[in-house]
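Worksheet for the structure shown next.
Every heavy atom of this structure was used, including side-chain atoms; hydrogens, water molecules and symmetry mates were not.
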Amino acid sequence: MSNAYRAIEIDDDELNNATELQFQNFPSSNTTTNPPAGNMSSANTPQPRSTGFGSASIFEPARPTAQQEQAAKSPIWSIAYYSRFFDVDTNQVMERLFASVIPKDNFLEVMGGRPDLYGPFWIATTVIFVLFVTSSIVDSINAYLNKTTYQYNIFQMTFAFGTIYTYAFIIPLLVWGATKYFGCQPDLLEMLALYGYALTIWIPVSVLSVIPIELARWILLGIGAGVSGVFLIRNMYPVLQRAEAQIAKIILILVIVLHGALALVLKYKFFAYNAAPDAPPTAPTPPTPETPKF
């Protein structure tokens, strides 16, 4: 113990050269060295986070609000339980609307793990009323061009309700069930949000389709179907990749076929101008002979 501490004398020259001293960090004795790459176990290898519908960072809110936490604890049959799905502000809805019309960003990242049903419900409802108004205008223009009497058709409203609400809520439910069955682990709210916001482009397309030019209406139909189709496929592709290749192709083809069917129904049911057939030529009536006057 007498040699445990020793005094060290440093002269002035060594003090002047102190700036030339360099220090190195040496690993502690209890630090384990990394094994060779060939012997490294897969458990210690960092795994990349999955993207798409099954990503926990996307579907589970990182910082839920107090209102959302309270709503999650409410009974499932209460209105408060479903209020968290409508907890969005105007800026968030507008941002998601623009992201669906211009699908250049990942829509799941735009939603930030908080899917909503407020936007899909009101977008679908708006499309229904716009379709009814524009189809009524088309029918009135048809009647004017054909020189017939315009008749109000309430069946257009009923048909629009059934078509749009089926596509916005029933079709995503079926797609979710199929992907869930084949182990893709999708999120139902994300699927509903994708299909709901995909209808946004049909609002301006419906308004512009009152133009009585067949080529212009086909171009507008192609733009609407293309934009909404790219939006759906781009955001659904990550979840479809988790299934087998053959199953993923079948589901993808089903999504495309249903999407194309919606576009054709809108074209021929709401955006069609029906020209009246030419009337057959009638034989000229012979002139009535004049009665002689006395």
Side-chain angles (χ1 to χ4, degrees), residues 93-94 96-103 107 119-172 174-175 192-236 252-279:
V93 174
M94 293 301 297
R96 297 174 185 186
L97 288 175
F98 283 113
S100 63
V101 175
I102 307 175
F107 191 73
F121 173 77
W122 284 112
I123 291 171
T125 305
T126 304
V127 171
I128 291 171
F129 282 99
V130 171
L131 285 176
F132 175 70
V133 172
T134 55
S135 63
S136 300
I137 296 175
V138 169
D139 290 342
S140 64
I141 296 176
N142 269 329
Y144 174 78
L145 295 177
N146 299 326
K147 295 180 174 56
T148 58
T149 303
Y150 169 67
Q151 295 180 352
Y152 182 79
N153 187 8
I154 192 60
F155 178 74
Q156 292 286 86
M157 174 72 77
T158 306
F159 189 83
F161 265 104
T163 303
I164 300 302
Y165 279 152
T166 298
Y167 184 82
F169 300 105
I170 303 300
I171 297 301
L174 296 177
V175 174
L192 291 171
L194 286 179
Y195 269 85
Y197 281 101
L199 293 171
T200 305
I201 189 62
W202 292 111
I203 298 177
V205 169
S206 301
V207 174
L208 295 176
S209 292
V210 300
I211 302 174
I213 302 175
E214 185 68 13
L215 179 61
R217 294 197 301 274
W218 277 109
I219 293 175
L220 291 171
L221 183 74
I223 293 174
V227 171
S228 56
V230 169
F231 172 77
L232 281 176
I233 294 174
R234 178 176 181 178
N235 291 281
M236 290 179 60
L252 185 61
I253 292 174
L254 177 64
V255 171
I256 295 174
V257 169
L258 293 174
H259 187 70
L262 173 69
L264 293 178
V265 168
L266 296 181
K267 172 63 177 66
Y268 289 105
K269 189 62 181 178
F270 299 99
F271 307 148
Y273 281 86
N274 301 320
D278 295 335

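The CG atom of D139 sits 10.0 Å away from the CZ atom of F270 when rounded to the nearest 0.5 Å. Interatomic distance, CG of L194 versus CG of N235, reported as 5.0 Å (0.5 Å rounding). Summarising the geometry, atom OG1 belonging to T125 is positioned 10.0 Å from atom CD1 belonging to I164; distances are rounded to the nearest 0.5 Å. A distance of 11.0 Å separates CG in L97 from CD1 in I201, rounded to the nearest 0.5 Å. Distance CG/L262 to NZ/K267: 14.0 Å, rounded to 0.5 Å. Rounding to the nearest 0.5 Å gives a distance of 12.0 Å between OH of Y165 and CD1 of I170.
Between F129 and F161, the two ring planes are perpendicular [angle over 60°; tilted spans 30° to 60°]. Note: F107 and F231 have perpendicular aromatic rings, judged against thresholds of 30 and 60 degrees for the angle between ring planes.
Between the side chain of R96 and the backbone N or O of G119 there is no donor-acceptor pair closer than 3.5 Å. With N153 contributing its side chain and F155 its backbone, the two residues share a donor-acceptor pair below 3.5 Å.
Scanning all heavy atoms of the two residues, the minimum distance from I128 to A160 falls at CG1-O, 3.7 Å. Closest approach of H259 to A225, counting heavy atoms only: NE2-O, 3.0 Å.
In this structure, F132 and I137 have side chains that are not in contact, with every pair of non-hydrogen atoms separated by 4.5 Å or more. For the pair K269/L131, no side-chain contact is recorded, criterion being any heavy-atom separation below 4.5 Å from C-beta on. Here the side chains of L199 and S228 are not in contact, with every heavy-atom distance at 4.5 Å or above. Here the side chains of F98 and T200 are not in contact, with every heavy-atom distance at 4.5 Å or above. Residues T163 and F159 have side chains in contact (heavy-atom distance under 4.5 Å, counting atoms from C-beta outward). Counting heavy atoms from C-beta outward, L192 and P172 have side chains that approach closer than 4.5 Å.
Applying the 6.0 Å contact sphere to OH of Y150 captures more than 12 heavy atoms from other residues, nucleotides or ligands.
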Would you list the atom pairs, donor with acceptor, under 3.5 Å between side chains in residues 206-213 and any protein atom, with sequence neighbours excluded?
residue : atom : partner : partner atom : Å
S206    : OG   : W202    : O            : 2.5
S209    : OG   : V205    : O            : 2.7

